[in-house]
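Taking it in order: structure first as structure tokens, then the write-up.
Everything numeric in this text was worked out from a predicted model, so none of it was measured.
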Amino acid sequence: MRRLIKPMMAALVVTVLIGACTGGGVRPPQNPSPTAVPRGGTLRLGLPSDPAWALDPQQEYEPLAWELYRCCLLRTLLSYNGRSTDEGGTQLRPDLATSMPEISADGRTWIFHIKPGIHYGPPLENTEVTAQDFIRALNREADARVGATYSFYYSLAGIKGFDDFAKGRKSSISGLQARGPLTLVVTLTHPFGDLGYLFAMPATAPIPPDPADPAAQLGVATGHDGGYGRYLVATGPYMLAGSAALQFAEPGQPRPVNGYVPGRSITLVRNPSWDRRTDDLRGAYVDRIEIAIGGSIAQIDRSVDRGRIDMLYGTSDPLARIRQFEEDPRLAHRVFRAAQDGVFFMVMNVAVPPFNDVHVRRAVNLAIDKADLVRLAARGQGMQRSWLGTIATHIAPDSLENDVLVGNHDPYATPGGRGSRSAAAQEMAKSRYDTNHDGVCDIPVCKDIVAPVWDVAVGPAGAALIEENLRPIGLDIRTKLLDFDHFFPVVDDPKNRVPFRIDDNWAKDFPGGFTFFHLLFHGGKNATSSLVGATPEQLERWGYSVDKVPNVDDRVDQCAGLTGDSAATCWAALDNYLMQVVVPWVPFMSVDAAVIASDRVTRMSFDQFCVEPALDQIALAPGAS
């Protein structure tokens, strides 16, 4: 479950740019064709602070770590090409698999065929990747001792026996079977169309057997529950410097690699076992990648401008610097943007009066001045951050829905996105809480509505604007600004019966609709506590006066069982249904990422999977050392 801002990243993220789904703004010149791309050189990046990684593929739940795995260190059965959405960056492609998986007619059996002759990097360059290695990785993902952070996805996917293994009831995951060395068979308890995305996640990257103990269930990761990263054996085009010195075959734990020094540096060098002929996803143009950890953003930016560092990494530059570069024709080519595939929104609790009336919820959508909220966010109102954005008109990023809702789809369109008092009043007049139908909510539940605000984007000025927008239709909102530590304990407990929450946000974990719609709207106590899908028993237990709320569980389950274009179309239809019929949210802002590169960078793209610079797609000018 992912929010754009999380506490562990709060000190790292300073500015995120928000824009249209395909980037928008000043676009850099077209990248040269792959055949003309220069190769070689050392890519140098500056990371302002250590994100407290262990670089452990089962433990890390951060886009930056996921990109280091995808681009460089680890290959998976399926993966992405490291490009933007309009260049196919969200499309699943075979990686270590020979082709896309075979799926049974009932959707419950998936068969992956593995490329032969793929070997691990040093020191296990003589070890070939086999089906058992993927089972080993998922054993580790399910193992409670490891502390895996997104194992819930594999549980929700219904991999047969996954939960039994995780709870210690079984010694193996029955739904994972090696049919010979190069065929993996995955059996599900129910159809799950997004399973392919889960086999592109770093948690499923193969783990080799331990030469000192071939029977060890977790292979070379055995004994590294606190962090496997400094002992990680690569399958990608790069490996951590010093990997060849790992001594797995000797008794005791090997000495960790020197290519990752927590708090100081990460150094990647070429993996001699990687064969470009087996990998058509990764360019791997540079010979070496050096990430220096530490220093202020201003210090790193100065080094970028002097050509000593090629890019600020792990965060975006201050908005003023981005604008300076975009407005200067001599510098605009150094700015690169991509859709962050996330949205900011307000949540209405559909079980709390007056928000248990859909006409009230629609009226709120019509009343909010989204354009002004976006403007205020760009001024850095919330948590001292600047957010530059466009108005969000529906729930999920367009890349999850094949752009079906792109364009004029806005059920609550108002002139300039400024909100409409008259349109909101007309909708409020249909509500049972407007007793004389004059467009004003006029009973006591409309007064003194306390609305917690997570002070991320809207800030005090935005909170005041929302109060002002809703006052003419009789909603007396009293906003209360809270930080992360105080916001979520209040709003995520349904017993608190919070009616209205402001400034929450959500971003995808992978380019499938399940990561939005199931986690946010399935089954009552969902991730944003709108209470859509709550059962009568839950409502009674939590102390609500109503015994029925909207439910979209069947619709979510239907979409979750589909694959490809059918799934994307289904998710888009559900998005439309939620916005027009259920109306649990007021989405108000979509988000972008941006980066400024040095003049040495001649080719660059964002990896739309995790919306970070795709390090395997960056090339440097000839002669760059």
Shortest non-hydrogen contact from Pro57 to Leu55? CD-O, 3.7 Å
Would you say the rings of Tyr61 and Trp66 are close, in the sense that their centroids are separated by under 6.0 Å? yes
Could you check whether Asp56 pairs with Arg140 (Lys NZ or Arg NE/NH1/NH2 to Asp/Glu carboxylate O, under 4.0 Å)? yes
Check ring-ring contact (aromatic ring centres under 6.0 Å, His included) between Tyr412 and all other residues, then give those that pass, not counting sequence neighbours. none
Verify the ring-centre separation between Phe517 and Trp571: is it less than 6.0 angstrom? yes
Atom CG of Leu615 and atom CZ of Arg282: how far apart are they, to the nearest 0.5 Å? 12.0 Å
For residues Tyr197 and Phe514, establish whether the separation of their ring centroids is below 6.0 Å. no
Between Arg75 and Thr278, do the side chains contain an N or O donor and an N or O acceptor separated by less than 3.5 Å? yes
Students often mix this up, so state it plainly: with edges at 30° and 60°, are the rings of Tyr80 and Phe609 parallel, tilted or perpendicular? parallel
Determine, using ring centers only, whether Trp110 and Phe199 are less than 6.0 Å apart. no
Flag yes if more than 12 heavy atoms outside Lys160 fall under 6.0 Å of its NZ atom; otherwise flag no. no
Determine the minimum heavy-atom distance between Phe344 and Val456, stating which atoms define it. CE2-CG1, 3.7 Å
Using the benzene-type ring in the case of Trp, are the ring centres of Phe606 and Phe336 under 6.0 Å apart? no
Do Asp492 and Arg501 have side chains that get closer than 4.5 Å, going by heavy atoms? yes
Could you check whether Asp164 pairs with Arg169 (Lys NZ or Arg NE/NH1/NH2 to Asp/Glu carboxylate O, under 4.0 Å)? yes
Let me know which of Asp554, Asn551, Asp557 forms a side chain to side chain donor-acceptor pair (under 3.5 Å) with His522. Asp557
Any sub-3.5 Å donor-acceptor pair from Asp341's side-chain atoms to Ala507's backbone N or O? no
Can you check ring-ring contact (aromatic ring centres under 6.0 Å, His included) on Phe516 and Phe521, steps first, answer last? CA-CA 8 Å; Phe516 253 73; Phe521 300 108; 8.6 Å; no
